[in-house]
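We name chains A, B, ... by the order of the sequence lines, and we start the count at 1 in each one.
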Amino acid sequence: MKRHITNTPFSNPIFKRIIFFSPHFFSTSANSAAASSAAASDIEEDIGAFTGSTFGGIIQDKDLLRKTPNGGLYVLDLIDKGAMDPNATLYNQLLKRCTQMGRLKEGRLVHAHFLNSIYCKYIAVQNTIINMYAKCGSPEEARKVFDEMPERDMVSWTAVITGFSQNDRAQEALGLFLEMSRNGFVPNEFTLGSVLKAAAAVGEIEGRQIHGICLKNGHCDDVYVGSALVDMYSRCGRMEEAKVVFDGLDSKNEVCWNALIAGHARKSEAENAVRLFSEMKKADFEATHFTYSSVFAACASVGALEQGKWIHGHLVKSGLKLIAFVGNTLLDMYGKAGSIEDARRVFDRLVKRDVVSWNSMLTACAQHGLGGETVERFEEMRGRGIQPNEVTFLCVLTACSHSGLLDKGLYYFELMKKLKLEPDISHYVTVVDLLGRAGQLARAEEFIKEMQIKPTAAIWKALLGACRMHKNMDLGAYAAERVFELDPYDSGPHILLSNIYASAGRWRDAAKVRKMMNDSGVRKEPACSWLEIENNVHMFVANDDGHPQRNEIRRMWENVADKIRELGYVPDTSHVLWFVDQQEREVRLQYHSEKLALAFALLNTPHGSTIRIKKNIRVCGDCHTAFKFVSRLVGREIILRDTNRFHHFRGGSCSCGDYW
DNA sequence: ACACTCAGAC
């Protein structure tokens, strides 16, 4: 079960009550020199500007890949015509250029030509060919060349291992590494860098083993090996060990820093990622696209808008171009942190957009309940000839589901199949959600029965959620049973089912589900809400009485509650705490965490400013209603981030149109 | 004159 927005676990130090991002992070001045690291997607552009030396006084660098009218290569043609003599260096240069430009076809031409030349025994060129195939995304061909070599050296092994390592074929890379050792080759720092990358993808045990080999061979001081080690421990979630390796490195570069920062980002430790960003700059290292991308991702995962903006400021000052590599993450960060306007702005300013840029923009729209805009942008994307992928359709389907665009959603599901994209289980879940939310419960059930894939827990959860929404007790109970079989430890379905019973007045059944849940040791994730004020994060749990301002918060809410009642607010107590009487229920309800957060925001933020609150579970119906009234009462916009979407409350209504 | 480490959308 994946969520659109990562919930932040309680164990995260970022959620200590008040202190966060201490002020000194914000006094670091940005370094204005431009960093030069080019992102993979932009290499092509950079090469285009390159003009260089000549070969034998005849061929200029820019003519290396020049084509002949019949599709051959100009340089090879010259050789065939006897207009120039080849040599090993020329073959290497040609291959290298093919590699840089990712030109597999031309690479094959050079390869074939090389085989017919008198240089065909040169190991160095053969190694370059292996590298060319590997870098052009064809590890199979690299392997074939390698296998057919009568004689191999260290570089041959390293090149082919790297080929698999970089093409997400970690197991094969590790296998070759073993074979290499059996053949009596001792790995050097080049080999170990690649093998560590592969090991990191396979698992911690493998990673530690390779670490041992690095120590034995004395390569741990190499920056490449060191960075790979830091990265390996980061990916295994072992941040303490990553830090130990990092601290032990005599010579560091940006990559080491980035590997460490990325590790914290993957663990949603925004505070650590931001802190390291500052330390990196203080240590006089230039933040690169990798750095920014990681830090934005970290901010996105906890919705840290202010920190994200601050980092964005550094990016602007750095002079780095807003390329897709970093822009996509920035866009995503703004979307997830609640500022759809900034997300749009970033999208508009992207130098070049790839599929991920479009998908991120669609996701942002979908998360903010802008179904119409999502569909429009999707159509624009197609109009511009950008090929949508599976993720694109997931975004669009989700948007349709969240906005009640039933027919459009079903149409796009069919379109997806027509475009020969294979829907996976997540698409089926979304369609069940789409039908279910729209009240077509019978159709949703039918759809599940006819699915070609075996239904998973997520499928039944979607149906269960729809049953809760449309108060269908029988089907809901059935769906819940299926979930209990497949995913017995998730608290969500238990609570949904008990709420279904409760809202039908069947308190006894509701209590039975709760009891069953307790008996089987299923624990409910405690609900909490939080908000940022001036770089501090304030967190609240329901009925919280441990906050320093608890009395003021309580008074504020009581005051507000009275006023919104005058505007017509009627507390809805139907789905909570059925075992207490009506009056008590209402009292408890008042202290849902989002209401405490809202009262706190009203006390501590300037009049008229937008209030941004985040919550780790779905907002309840009563709070949703209350928030609408409050937005009208105080004349302010309130943005509430739910588990997987945003609610924009303004002037008494919500952007979700009460459909969520 | 050949080979290595760091990012992202669901």
Side-chain angles (χ1 to χ4, degrees), chain A residues 2-5 37 39-41 87-93 95-96 99 122-132 134-135 142 153-163 165-166 187-198 200 219 222-232 234-235 253-263 265-266 288-298 300 323-333 335-336 354-364 366-367 389-398 424-427 429-430 644:
Chain A
K2 279 194 178 169
R3 289 179 173 151
H4 298 167
I5 296 171
S37 90
S41 54
N87 56 40
T89 307
L90 177 59
Y91 282 116
N92 268 338
Q93 288 292 347
L95 290 162
K96 206 171 177 181
T99 306
Y122 277 50
I123 295 186
V125 182
Q126 292 170 341
N127 292 343
T128 314
I129 291 171
I130 295 177
N131 187 47
M132 181 275 295
K135 292 288 192 324
D153 62 13
M154 269 300 299
V155 177
S156 323
W157 284 98
T158 305
V160 72
I161 288 171
T162 304
S165 171
Q166 290 180 340
N188 62 15
E189 59 271 36
F190 286 84
T191 328
L192 291 170
S194 279
V195 174
L196 275 168
K197 181 184 161 86
H219 288 300
D222 180 78
V223 254
Y224 285 91
V225 175
S227 303
L229 279 170
V230 171
D231 183 56
M232 185 273 291
S234 287
R235 279 178 201 277
N253 62 10
E254 308 78 32
V255 181
C256 315
W257 282 94
N258 292 345
L260 197 61
I261 292 174
R266 276 188 292 265
T288 70
H289 286 127
F290 283 93
T291 326
Y292 285 106
S293 189
S294 295
V295 182
F296 288 138
I323 57 174
F325 192 95
V326 61
N328 293 349
T329 336
L330 179 60
L331 194 171
D332 183 54
M333 183 277 290
K336 292 209 172 90
D354 59 17
V355 203
V356 178
S357 317
W358 285 91
N359 290 352
S360 304
M361 193 63 234
L362 295 176
T363 302
Q367 282 170 337
N389 62 18
E390 289 82 356
V391 177
T392 316
F393 277 97
L394 197 56
C395 302
V396 176
L397 290 172
T398 306
D424 66 29
I425 192 71
S426 61
H427 297 92
V429 171
T430 313
N644 56 13

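Scanning atom types as modelled, one donor and one acceptor separated by under 3.5 angstrom connect the side chain of A/Asn188 and the base of B/dA3. Between the side chain of A/Asn359 and the base of B/dG8 there is no donor-acceptor pair of N/O atoms closer than 3.5 Å. A donor and an acceptor atom sit less than 3.5 Å apart, one in the side chain of A/Asn389 and one in the base of B/dA9.
Residue A/Phe290 places its side chain closer to B/dC6 than to any other of B/dC6, B/dA9, B/dC10. Side-chain proximity of A/Val391 to the nucleotides B/dC2, B/dA7, B/dA9 is greatest for B/dA9. Nearest to the side-chain atoms of A/Asn328 among the listed nucleotides B/dT5, B/dC2, B/dG8 stands B/dG8. Considering only the side chain of A/Tyr224, B/dC4 comes nearest among B/dC10, B/dC6, B/dC4. The listed nucleotides are B/dA9, B/dA7, B/dT5; the one nearest the side chain of A/Ser294 is B/dA7.
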**Prompt:** What do the steps show when you test A/Arg266 against A/Ser234 for side-chain contact (heavy atoms from CB on, under 4.5 Å), and what is the final call?
**Reply:** CA-CA 8 Å; A/Arg266 276 188 292 265; A/Ser234 287; 3.6 Å; yes
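Phosphate proximity of B/dC4 to A/Lys135: present, with a side-chain N or O under 4.0 Å from OP1 or OP2. For the OP1/OP2 pair of B/dT5 and a distance below 4.0 Å, the side-chain nitrogens and oxygens of A/Arg235 include no atom meeting the criterion. An OP1 or OP2 oxygen of B/dA7 is reached within less than 4.0 angstrom by a side-chain nitrogen or oxygen of A/Arg266. Of the side-chain N and O atoms in A/Asn131, one or more sit less than 4.0 angstrom from OP1 or OP2 of B/dA3. Contact annotation: A/Gln166 reaches the phosphate of B/dT5 (side-chain N/O to OP1 or OP2, under 4.0 Å).
Remark: A/Asn359 engages A/Asn389, A/Thr392 in a side-chain hydrogen bond (donor to acceptor under 3.5 Å, both in side chains) (not counting sequence neighbours).
Atom-to-atom, CG of A/Asn253 to P of B/dT5 comes out at 12 Å; the value is rounded to the nearest Å. Nucleotide B/dA7 holds its C1' atom 10 Å from the CD1 atom of A/Ile323, rounded to whole Å. Remark: C1' of B/dC10 and CZ of A/Phe393 are 14 Å apart, rounded to the nearest angstrom. Between the OH atom of A/Tyr122 and the C1' atom of B/dA3 there is a distance of 20 Å, rounded to whole Å. B/dA9 atom P lies 13 Å from atom CG of A/Leu330, rounded to whole Å. Atom CG in A/Leu397 sits about 15 Å away from atom C1' in B/dA9, given to the nearest Å. A/Lys336 places its NZ atom 6 Å from the P atom of B/dA9, with the value rounded to the nearest Å. Spacing between atom CG of A/Asp231 and atom P of B/dA7 amounts to 5 Å, rounded to whole angstrom units.
The aromatic ring of A/Tyr292 is not stacked on the base of B/dA7, since the criterion of ring centres less than 5.5 Å apart with planes inclined by under 30° is not met. Aromatic stacking of A/Phe190 on B/dC4: satisfied, with centres closer than 5.5 Å and planes within an angle under 30 degrees.
For the side chain to side chain contact (heavy atoms under 4.5 Å, CB included) test with A/Leu95, the passing option among A/Thr128, A/Asn127, A/Leu90 is A/Thr128; the others fail.
The line from CG of A/Asn258 to CD1 of A/Ile261 is 6.0 Å long, rounded to the nearest 0.5 Å. If you take OG1 on A/Thr191 and CG on A/Leu196, they are separated by 10.5 Å, rounding to the nearest 0.5 Å.
Using a 4.0 Å heavy-atom cutoff across all strands shown, A/Ser426 reaches no nucleic acid atom at all. Within 4.0 Å (heavy atoms only), A/Val160 reaches no atom of the nucleic acid at all.
A/Thr430 contributes no side-chain N or O that, together with a main-chain N or O of A/Leu397, makes up a donor-acceptor pair within less than 3.5 Å.
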